[in-house]
Amino acid sequence: AQDGGQTLTTRMSLIIFSHANSFPASTYRLLFKSLRARGHTVRGIEKFGHDPAYPVTDNWPWLAKQLHVFAADQCAQAGQGAWLVGHSLGGILSVMVAARHPVLGGHAVRGVVLLDSPMIGGWKAQALRVGKAAGMAGRFSPGKVSIKRRWHWPSREDALTFFQGKRAFAAWHPQMLQDYVDHGLEPMPGAPTGKTPVQLSFRREVETDIYNMLPDNLDSLLRRHPLRCPLAYIGGTRSHEGRQVGMDLTRKLAGKQIFWVEGSHLYPMEQPLETAAALERALAALSSPSS
């Protein structure tokens, strides 16, 4: 997702943004617009998991590799270090990359900001590992829902009406939902002339694999590769995911740099402008010499 044609030579603060599972980066256009207005350049991979060169495998090593390659290239072109910012899936990938690769494109990573991306560790990570080994990850992860989700509609208008009637989308900012319909759906191949049926561009099979292969090794990864940059966490006040995963490892990483935005796990879609403001506060805090 490019940010309005701004050149990479612009000496602005560079943000490498990574999306949540199943929501292409262009879904966040309103958030990116607000961040650009605040003086940031935003770059991001449009869809993780869809490039055959970077497949979805257990603990997501290839997805992290995809982000590493992309971020290093962006930093080299921009001639500056970047903030790695990620929502859910994207936040975990950002930590994985920053831990293993503190220097990207010849420039140090400035910091990491997690948008409702609680890090799973301790006994919960062990339980996840056992569940995956036993082939039961899909019974307990969101993958049991995603593999059955509806994936095509007669038109974009029908899709918009469908989403507007779903509880998970009820609190979304209208423009964010419209951007999801505009950029998260694509024409179905082979449609009859004059028909405009659409399908999810983020395949539900990929979404499900990502859920079912959630990393269970973050504790050991961070012991081997401690973060050399500061980290902040911005959580949703009503996030079920945050409560389910727990905050122990996240608090260990973030320390006092924990902020909150009113909303669910999808608060960036519900409150994009408030999210941009919270992210600005987090970046200022991480830039402080005392952070």
Side-chain angles (χ1 to χ4, degrees), residues 3 6 8-20 28 31-44 67-68 71-72 74-76 78-88 90-119 121 218 221-223 225-237 239 242 245-263 267-268 271-291:
D3 65 340
Q6 294 188 34
L8 286 172
T9 56
T10 303
R11 299 301 297 182
M12 292 182 175
S13 176
L14 175 62
I15 292 174
I16 305 297
F17 185 92
S18 297
H19 63 75
Y28 299 81
L31 172 60
F32 295 167
K33 180 178 180 181
S34 183
L35 290 172
R36 291 199 305 271
R38 295 170 181 273
H40 303 286
T41 297
V42 184
R43 294 288 186 265
L67 177 57
H68 169 221
Q74 296 298 313
C75 288
Q80 61 178 301
W83 299 101
L84 302 185
V85 177
H87 180 201
S88 193
I92 297 173
L93 292 177
S94 296
V95 168
M96 293 169 68
V97 170
R100 286 183 174 274
H101 307 283
V103 176
L104 295 170
H107 303 274
V109 175
R110 299 184 66 181
V112 176
V113 181
L114 308 178
L115 306 184
D116 216 78
S117 302
M119 302 285 106
L218 296 175
L221 170 66
L222 292 167
R223 282 195 296 269
H225 305 282
L227 278 177
R228 301 184 194 177
C229 64
L231 178 144
Y233 179 84
I234 306 175
T237 57
S239 171
V245 171
M247 291 285 290
D248 290 348
L249 180 56
T250 305
R251 291 186 186 280
K252 182 179 178 181
L253 294 173
K256 296 181 179 179
Q257 306 302 342
I258 295 179
F259 307 84
W260 300 96
V261 172
E262 173 63 28
Y267 72 79
Q271 306 261 31
L273 303 185
E274 291 80 356
T275 300
L279 181 52
E280 185 84 347
R281 291 193 296 272
L283 295 182
L286 295 185
S287 300
S288 170
S290 61
S291 66

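Computed from a prediction, not measured in an experiment: that's the story for all the values here. We number each residue from 1, following the sequence as shown.
- With sequence neighbours excluded, the residues satisfying side-chain contact (heavy atoms from CB on, under 4.5 Å) with A98 are L84, V109, V112, L227, C229.
- Annotation: the span from L273 atom CG to K33 atom NZ amounts to 9.5 Å, rounded to 0.5 Å.
- Counting heavy atoms from C-beta outward, L104 and I16 have side chains that stay 4.5 Å or more apart.
- Interatomic distance, CD of Q74 versus CZ of R43, reported as 6.0 Å (0.5 Å rounding).
- Across all their heavy atoms, G90 and S94 have their closest contact at O-OG, 2.8 Å.
- Put simply, the residue from L286, L114, L231 that forms a side-chain contact (heavy atoms from CB on, under 4.5 Å) with Q257 is L286.
- Put simply, the side chain of W83 reaches to within 4.5 Å of the side chain of S13, judged on heavy atoms.
- For Y233, there are no ring pair (Phe, Tyr, Trp, His ring centres under 6.0 Å) partners, not counting sequence neighbours.
- Listed here is the closest heavy atom pair of L14 and A78: CD2-CB, 3.9 Å.
- In terms of heavy atoms, H107 sits closest to C75 at CD2-O, 3.6 Å.
- Using a 4.5 Å heavy-atom cutoff, the side chains of L31 and F17 are in contact.
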Please list every donor-acceptor pair under 3.5 Å in which a side-chain atom of residues 246-253 meets a protein atom from a residue at least two apart or in another chain.
from, atom 1, to, atom 2, distance (Å)
T250, OG1, M119, N, 2.8

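- By the side-chain contact (heavy atoms from CB on, under 4.5 Å) test, A278 pairs with I234, V261, R281, sequence neighbours left out.
- Atom NE2 of H101 sits about 8.5 Å away from atom NE2 of H225, to the nearest 0.5 Å.
- Put simply, the side chain of F259 does not reach to within 4.5 Å of the side chain of L279, judged on heavy atoms.
- Remark: S88 engages H265 in a side chain to side chain donor-acceptor pair (under 3.5 Å) (not counting sequence neighbours).
- For the side-chain contact (heavy atoms from CB on, under 4.5 Å) test, residues two or more places apart in sequence or in another chain that qualify with R38 are S34, H40, A276, A277, E280.
- Here the straight-line distance linking atom CG of L35 with atom OH of Y28 works out to 12.5 Å at 0.5 Å rounding.
- Considering every non-hydrogen atom in both G236 and D116, the closest pair reads N-OD1, 2.7 Å.
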